[in-house]
Amino acid sequence: VNSLLAVSRGCLGISIMVWFTLLFVFIIVPAVLGVSLGIRRLYIVTLLKVFEWATSRMEMGAKEKNQQLYKPYSSGIIAKEPPSSWQQEIQDLRGSASCLRSEPEFEMADIFYFCRRGVESIMDDEVTKCFSAQELESWNLLTRSNYNFRHISLRLTVLWGLGVLIRYGVLLPLRVTLAVTGISLLLVLTTLVGLLPNRELKFFLSEKVHLMCYRICVRALTAIITYHNRENKPKNGGICVANHTTPIDVIILANDGCYSMVGQVHGGLMGMIQRAMVRSSPHIWFERSEVKDRHLVAKRLGDHVADKTKQPILIFPEGTCINNTSVMMFKKGSFEIGCTVYPVAIKYDPRFGDAFWNSSKFGMVNYLLRMMSSWAIVCSVWYLPPMNREEGEDAVQFANRVKAAIAAQGGLVDLIWDGGLKRAKVKDAFKEEQQKLYSKVLVGEQDQGDQSDNKLVEDENPKEDKSHQDSTEVQ
């Protein structure tokens, strides 16, 4: 028994040594040097072929069993016809008889107008769609995508079981090891670099350390990232803004360049990382009591971008994670600074794993476990040309222009909604606006002049009017 225990210990020691040697040679060293051996891309090509075979087997099995394959609904936004006027729609419901009446008055048929608009809003709720997982057109061998496909045939069941063993028995331990390595190196090396007295040397080494650690963390997710238009990469003294899908957006962007982060001070492991990072690089962390002080936040951001030696600030103006099908309203704070803005569009490929973080459903640890047990993270990043506020343009208009450019480049739907509706209720002012419009219809205060004035305002800002109307409908 003692001899068997000794042999098992020796085999275990050799296995651990071989494991870390392969890890160091094939992953950590290329990450430090900033090179790729092509293993991840070969892995992605192999996965695509497996998915194609699984899809064909799934279709054949469904035909044999006379089953109807699950066809997911489109996660995009349904195109709507241009809205007609209140008077026109209500008049259509009331019928032609009411046209003969000289004085406007309430009719029971008006209720059906609001009922119909309410049902339409429930059936096509643009806000809720942005906070649910994106549906797939074909199965990617993950039960989190669909719970029935693995039972269609024995071959698919075996393939799915083999995938579970690979993801949880091989990929997950490998990725956890890489993540621990990257975070540990970030903590230790940034602390050591922060002790250097020479400012220029400290910033130089800090940039190298951050890039190395983020590259290791990217490999911990088996992330394949394609960067486009690198000539437009953010430069010092500017602000980089991007659409927000997941917390790993930071790692995706920082893998290709260093940024100064902005955020609230945390405790625990996150707090340790923040304190270590700020020792070697000028990041901006706010206390909980300072976050709501808009003037203080704007001042610190302005002071940072005024120093051209400091790295560009990375900000996600949506303020919450969206499911990568749309871009929601940008908060105007980062567009009031008066500096150059560098837009960046990020688009994830959901076939290999859903990168969207639904914070109301999954905690951070659970989410990271799902990411590390997925097949891979595949995404494209587009650096857009830098943008500045135009003459006569306010912060809101500038934010909308930047948002529209990001949505167009990433193939995302440009929405006017505030991401805060994920947890907050629609403002009462939006409902009161609809009530005022209907009251004018009843009392007949909308004479011809008023109608022309409203038409002018509607033409100048149609999205804002539609925002008020749709907000009431969702409520």
Side-chain angles (χ1 to χ4, degrees), residues 75-77 126-135 218 221 223-230 232-234 238-257 259-263 312-335 337 340-350 352-360 367 371 377-387 395-423 463 467:
S75 58
I77 305 302
E126 296 178 345
V127 176
T128 303
K129 286 182 179 180
C130 297
F131 302 111
S132 58
Q134 185 177 0
E135 296 289 348
V218 162
L221 298 169
I224 304 296
I225 312 168
T226 304
Y227 297 97
H228 305 272
N229 307 325
R230 278 181 163 155
N232 296 325
K233 285 178 60 175
I239 295 180
C240 173
V241 298
N243 57 302
H244 199 24
T245 305
T246 164
I248 65 176
D249 289 336
V250 175
I251 301 175
I252 297 298
L253 294 178
N255 177 68
D256 194 44
Y259 298 89
S260 292
M261 310 299 175
V262 179
I313 299 175
L314 177 59
I315 295 179
F316 301 101
E318 288 170 298
T320 187
C321 294
I322 314 297
N323 68 354
N324 209 225
T325 62
S326 311
V327 183
M328 302 192 78
M329 186 185 79
F330 280 6
K331 305 294 190 298
K332 66 177 182 178
S334 55
F335 299 91
I337 309 302
T340 301
V341 172
Y342 296 88
V344 176
I346 307 175
K347 180 65 176 178
Y348 291 89
D349 190 337
F352 305 95
D354 183 21
F356 168 58
W357 180 36
N358 189 347
S359 57
S360 60
Y367 168 76
M371 287 296 95
I377 299 296
V378 180
C379 69
S380 296
V381 176
W382 289 272
Y383 297 109
L384 279 65
M387 303 174 68
V396 175
Q397 294 171 335
F398 184 31
N400 290 334
R401 184 160 59 91
V402 173
K403 177 168 67 77
I406 292 176
Q409 181 63 73
L412 306 171
V413 180
D414 184 6
L415 297 178
I416 59 177
W417 297 108
D418 183 1
L421 290 174
K422 180 179 182 179
R423 297 182 178 88
K463 289 189 174 182
S467 172

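This one's a predicted model, so the numbers in the text were calculated from it and none came from an experiment.
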Does some side-chain heavy atom of [Y] sit less than 4.5 Å from a side-chain heavy atom of [X]?
X	Y	result
Y227	N255	yes
I322	V327	no
Y342	P312	no
I252	C379	yes
N324	K347	yes
D256	R230	yes
F316	V250	yes
P234	Y383	yes

Minimal non-hydrogen separation, [X] against [Y], with atom names:
X	Y	answer
A355	T246	O-CB, 3.0 Å
S326	E318	O-OE2, 4.2 Å
P247	Y367	CD-CE2, 4.0 Å
I406	A242	CD1-CA, 4.3 Å
A405	M387	CB-SD, 4.4 Å
L221	M371	CD2-CB, 4.2 Å

If I take atom [atom1] from residue [X] and atom [atom2] from residue [Y], how far apart are they, to the nearest 0.5 angstrom?
X	Y	atom1	atom2	value
M261	I313	CE	CD1	11.5 Å
C321	I248	SG	CD1	10.0 Å
I239	S334	CD1	OG	6.0 Å
N323	N358	CG	CG	9.5 Å
D414	N243	CG	CG	11.5 Å
M328	L412	CE	CG	12.5 Å

Q.
Check whether N400 reaches the backbone of V396 with its side chain - one donor and one acceptor, N or O, closer than 3.5 Å.
A.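 Here the side-chain-to-backbone pair exists.
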**Q.** Main-chain N/O of I416 paired with K403 side-chain donor or acceptor, under 3.5 Å
**A.**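 Answer holds: no.
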Q. Using 30° and 60° as the class limits, which term best fits the ring planes of F398 and F335: parallel, tilted or perpendicular?
A.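 If you compare the ring of F398 with that of F335, the planes turn out perpendicular.
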Q: Using a cut-off of 6.0 Å, state whether more than 12 heavy atoms not belonging to K332 lie near its atom NZ.
A: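 It does not: K332 NZ has 12 such atoms or fewer within range.
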Q: Could you walk me through whether L253 and I346 pass side chain to side chain contact (heavy atoms under 4.5 Å, CB included), step by step?
A: CA-CA 9 Å; L253 294 178; I346 307 175; 4.1 Å; yes
Q.
Under a plain distance cut-off of 3.5 Å, with no hydrogens placed, do D249 and Y348 share a side-chain donor-acceptor pair?
A.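 Distance-only check passes for Y348 and D249.
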